[in-house]
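Chain A is the first sequence line, chain B the second, and so forth, proteins listed ahead of strands; every chain is numbered from 1.
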There are 2 protein chains.
Amino acid sequence: METTRDKLINATFDEVFSHGYQGASLADILAKAGVHKGSMYHFFANKKEMALAAIEETILKKNADKYRYVETYTSGFLEEFYKQLHDTSVRDFKRGCPIANIVQEMSNIDEDFNTLMKSIYGAFRANIKAILDKAIEVKEMKPCDTTKLALFITSTIEGAILAAKASGNAQDYVDVIEELIEHIERKR
Amino acid sequence: METTRDKLINATFDEVFSHGYQGASLADILAKAGVHKGSMYHFFANKKEMALAAIEETILKKNADKYRYVETYTSGFLEEFYKQLHDTSVRDFKRGCPIANIVQEMSNIDEDFNTLMKSIYGAFRANIKAILDKAIEVKEMKPCDTTKLALFITSTIEGAILAAKASGNAQDYVDVIEELIEHIERKR
DNA sequence: TTGAGACTTGACTAATCGGTCAAATTTTGT
DNA sequence: ACAAAATTTGACCGATTAGTCAAGTCTCAA
């Protein structure tokens, strides 16, 4: 059952993803959630706290399963990772990447957003690094500076999503990913 | 002499760069510019037209000289490009990249912003492609798909700036650029 | 010198913003 | 059954938003 709080979290994330935090209207969120204002203030102290909760909880939930295979697999780490990268069905090139969007909009404006996004982006990098470390461990890849390579990969992915958003052409994302994989493959 | 219009353009760009378009307050822009509201509406139809003008004019002006060497040089194109990439003094890692910021915030919200940013981001890619084509022409590089490589480079640069903004660590940008140059070097 | 157009001033408007709160209702534990 | 707690309702608030406009000043050409 979707609780009132759930409705608010979902509507807030969607509204913030679409219009940014500053562009997100509380009235629109409430209308979308079908929740009254006073009810919302029962669950959250203010708009900002609700948005921070929506971002953190939604992204954590999304990533919970996404990288599970790193712990369960015993081989084929890179193949699975490449498959993930190529899967455009999980991407929304119109709105872009939720993480990147909020970093861009809020990191230099608000300390609480900055702290949260630093943690989320850091987790993204850590997840990629874990894949690379596993690949090296099972000799699918030569040892290298995985921290740096993970940084490079995350940067390029975010840039690829941005390029597709800017051009309105999903193929741009695919092209960048191809070149990125080529780059990783040279390290095997 | 800085005209009233200049003051408005500069203040608007700075305010939009700092707080985004939606977060930019007209009152703050006017205060920063030292211009009264009615005066502003003499030069611009509304906030949006002023912001679009500020973005286009400021970025065009910035890029006017930046890639001039591509037409004047006869060799050393890649070296000059690498030098540019390494120059962190032109970067503002707190606020990020103005182009990326506005693409992220506005491309999926407003058609006019979308059109403008598509053009600006496209010009960025074209500039990088021109460098690569020149490098190939004078045999500093093996022939390759420069459209695709330019897309990859611009994506990675934007991603690098974002990474530095997210972490608050300029070194992240440097690390990504190093790896990017390594990638380009393999194509020589 | 004078009139016309460019530019400036700042008070004003309507709409929307996030936020408050007391009262009503529903849910829960005993 | 009853009381206490959790939740919901929706009217209301002051502040801020972008935008309007009539009156005033300045510049410059005839």
Check: Roughly how many Å is it from CG in A/L30 to P in C/dG19, rounded to a whole number?
Finding: 11 Å
Check: Quick one: B/K48 NZ to D/dA18 P, roughly how many Å, whole number?
Finding: 15 Å
Note to self: Does D/dT16 have OP1 or OP2 under 4.0 Å away from a side-chain N or O of B/S25?
What the structure shows: no
Item checked: Whole-Å distance separating the CG atom of A/D6 from the C1' atom of D/dT7 -> 15 Å
Which atom pairs link the protein and nucleotides 8-11 of chain D when you take only N or O atoms and keep those under 3.5 Å?
residue : atom : partner : partner atom : Å
D/dT8   : OP1  : A/T4    : OG1          : 2.6
D/dT8   : OP2  : A/S39   : OG           : 2.9
D/dT8   : O5'  : A/S39   : OG           : 3.4
D/dG10  : OP2  : A/H36   : NE2          : 3.2
D/dG10  : O6   : A/G38   : N            : 3.0

Item checked: Nearest-Å distance for atom pair CD1/P, residues B/I29 and D/dG19 -> 11 Å
Next item on the list: Provide, to the nearest angstrom, the distance between the CG atom belonging to B/L8 and the P atom belonging to C/dT9.
Entry: 11 Å
Item checked: Nearest-angstrom distance from the residue atom CZ of A/F44 to P of D/dT7 -> 12 Å
Next item on the list: State whether A/E178 and B/K148 are salt-bridged, where the test is any N-O pair (Lys NZ or Arg NE/NH1/NH2 against Asp/Glu carboxylate O) under 4.0 Å.
Entry: yes
Check: Any idea which of D/dG19, D/dT17, C/dG18 is nearest the A/Y41 side chain?
Finding: C/dG18
Note to self: Any salt bridge linking B/E79 with B/K83? Criterion: basic side-chain nitrogen under 4.0 Å from a carboxylate oxygen.
What the structure shows: no
Next item on the list: Could you tell me the separation between the CG atom of B/N46 and the P atom of D/dT17, rounded to a whole number of Å?
Entry: 17 Å
Notebook entry, point to check: What is the distance from CG of B/L26 to P of C/dA14, rounded to the nearest Å?
Noted result: 19 Å
Item checked: Distance-minimising heavy-atom pair for A/A51 and A/T12 -> CA-CG2, 3.8 Å
Notebook entry, point to check: Which heavy atom of B/S167 sits nearest a heavy atom of A/R125, and at what distance?
Noted result: CB-NH1, 4.4 Å
Margin query: Are there over 12 heavy-atom neighbours, none belonging to B/K48, within less than 6.0 Å of that residue's NZ?
Written below: yes
Quick one: side chains of residues 26-37 of chain B, donor-acceptor pairs under 3.5 Å with protein atoms, not counting sequence neighbours, listed by atom name and distance.
residue : atom : partner : partner atom : Å
B/K32   : NZ   : B/D14   : OD2          : 2.7
B/K32   : NZ   : B/E15   : OE1          : 2.9

